[in-house]
Protein chains: 2
Amino acid sequence: MADLKPGVQHLYLRDEELRQGIELLFYAYRDFTAEPDAILAKLSMGRAHHRVIYFVGRYPGIRVGELLAILRVTKQSLSRVLSQLIREGYVTHRPGPTDRRERRLELTPAGQELERKLTENQRARVAAAYRAAGAAAVEGYKRVMLGLINEADRARFVGATAPARPR
Amino acid sequence: MADLKPGVQHLYLRDEELRQGIELLFYAYRDFTAEPDAILAKLSMGRAHHRVIYFVGRYPGIRVGELLAILRVTKQSLSRVLSQLIREGYVTHRPGPTDRRERRLELTPAGQELERKLTENQRARVAAAYRAAGAAAVEGYKRVMLGLINEADRARFVGATAPARPR
DNA sequence: AGATTTACGTCAGGTTTGTTGACTTATATG
DNA sequence: CATATAAGTCAACAAACCTGACGTAAATCT
């Protein structure tokens with residue numbers, strides 16, 4: 001057999017390695033969202049509702065604009081989903097404490113209940129993966145994931161226990 | 001200050017830890033898809049087209065049914081996207097070598113070109129994250145991601161260099 | 001006080017991506 | 001020959017996005 005040129009060999013491994021990294025993300029995200037999607041479908045909601053419920057639960061008192069920045073959707077898209085959630089009693093809003101133009105969003109008890117139900121699954125999935133992979137692997141996972149995320153949003157993840165509220 | 005009950009403290013950390021794991025996935029996926037989406041938009045295509053192009057490029061000669069299983073969409077959804085890609089000259093098909101009912105899909109040169117252009121960005125992103133995080137972290141990333149993926153699809157990732165073709 | 005900016009909502013019209021269900025065609029296989 | 005499989009297609013529909021323009025209330029600047 002002819003020897004492979006080292007350069008070519010190297011390139012091949014590198015490409016394969018990178019593709020694997022891409023695909024891991026694709027499959028993980030696909031499987032990660034499948035079960036909550038199924039629950040939501042029964043309530044005539046979609047993934048967009050989950051995202052809103054999740055982040056309102058995560059940052060109680062979050063403003064609409066902050067939510068827009070996190071989700072990277074238009075006002076219109078968010079509006080449709082958010083007003084449905086408010087109408088159906090999962091989310092409430094009140095004026096901001098100093099700036100009364102703001103809407104500070106919070107989950108109602110029903111919203112908290114739904115959030116728990118939806119995220120339960122994902123939490124369990126992450127817990128199982130963390131447990132199976134071990135603490136060192138979890139460190140590595142975080143480091144790589146942080147590198148994939150745009151620099152602007154990495155700040156949210158500094159400090160293990162302080163949820164960095166977006167500004 | 002009152003001491004926190006250890007149990008409560010533990011639960012809090014655990015919940016925070018898991019939420020962080022969930023959010024890493026959300027933000028990474030969001031940022032990962034943003035740039036290809038922008039390129040696709042100029043060609044009047046969407047993310048679905050990218051997925052098809054990506055996996056046809058990944059598994060040349062893949063059958064339609066295999067693609068359906070990977071993407072987890074209905075025949076109808078795939079059909080619309082796939083026939084557009086064929087019509088516009090990015091993908092070709094030929095009958096299977098032994099079973100002539102099959103359509104074995106492949107990228108045309110134009111398809112390969114587009115695939116490269118679209119995935120280039122994601123490859124660069126993964127490469128940068130891998131480089132910044134280090135080899136050990138990459139190992140951990142893979143282990144955790146594999147744990148997040150449904151068992152059925154983990155087999156694709158055995159062996160670093162053999163792309164396990166779906167059956 | 002008036003002008004400007006900001007936070008948020010809304011109206012109108014459009015696309016993509018996804019769905020279900022029923023039917024067709026060609027080929028393989030028991 | 002009967003049945004099963006791979007794939008395509010038709011019709012009708014819904015979810016979740018988008019753009020662009022306009023409106024309202026409140027804060028802030030000059």
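Chain A is the first sequence line, chain B the second, and so forth, proteins listed ahead of strands; every chain is numbered from 1.
For Arg100(A) and dA25(D), the shortest distance from a side-chain N or O to OP1 or OP2 is not below 4.0 Å. In this model, the phosphate group of dA16(D) is not approached by any side-chain N or O of Ser77(A) to a distance below 4.0 Å at OP1 or OP2. Contact between the side-chain N/O atoms of Thr74(B) and the OP1/OP2 oxygens of dT19(C) is found at a separation under 4.0 Å. Put simply, Arg51(A) has a side-chain N or O that comes within less than 4.0 Å of OP1 or OP2 on dC17(D). Using a 4.0 Å cut-off, no side-chain N or O of Arg103(A) falls inside it from OP1 or OP2 of dT24(D).
For Arg101(A) against dT6(C), a side-chain-to-base donor-acceptor contact under 3.5 Å is present.
Separating the NE2 atom of His50(A) from the C1' atom of dA16(D) is a distance of 16 Å, rounded to the nearest angstrom. Here the C1' atom of nucleotide dT5(C) and the CG atom of Asp99(A) are 12 Å apart, to the nearest Å. One interatomic measurement links the two molecules: NZ of Lys75(B) to C1' of dG21(C), which rounds to 11 Å at whole-angstrom precision. For Leu67(B) and dA7(D), the CG to P distance is 10 Å, given to the nearest whole Å. Leu40(A) places its CG atom 19 Å from the P atom of dA14(D), with the value rounded to the nearest Å. Note: CD (Glu102(B)) to C1' (dA6(D)) measures 7 Å, nearest angstrom. Computed from coordinates, the Gln84(A) CD to dA14(D) C1' distance equals 13 Å when rounded to whole Å. The CG atom of Leu68(A) sits 17 Å away from the P atom of dA16(D) (whole-angstrom rounding).
Using a 4.0 Å heavy-atom cutoff across all strands shown, Thr98(B) reaches sugar-phosphate atoms only and no base atom. Residue His93(A) is classed as having no contact, given no heavy-atom separation below 4.0 Å to the nucleic acid. Within 4.0 Å (heavy atoms only), Arg80(B) reaches at least one base atom of the nucleic acid.
Relative orientation of the Tyr27(A) and Phe157(B) rings is perpendicular, given thresholds of 30° and 60° on the angle between their planes.
Heavy-atom nearest nucleotides on DNA chain C were determined for Met45(B) and for Gly65(A), and the one closer to the 5' end corresponds to Gly65(A). Each of Leu105(B) and His49(A) was assigned the nucleotide of DNA chain D with the nearest heavy atom; the assignment lying further toward the 5' end belongs to Leu105(B).
Distance check, rounded to the nearest 0.5 Å: CD of Gln20(A) to CG of Leu146(B) gives 7.5 Å. One distance of note links CD of Glu66(A) with CD1 of Ile70(A); it measures 7.0 Å at 0.5 Å rounding.
Ring centroids of Tyr54(A) and Tyr59(A) are separated by 6.0 Å or more, keeping the two rings apart.
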Would you sort out whether Ser79(A) and Lys75(A) count as a side chain to side chain contact (heavy atoms under 4.5 Å, CB included), showing the intermediate values? CA-CA 6 Å; Ser79(A) 172; Lys75(A) 246 196 295 187; 5.8 Å; no

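Comparing dG18(C), dT16(C), dA7(C) against the side chain of Ser44(B) picks out dT16(C) as the nearest.
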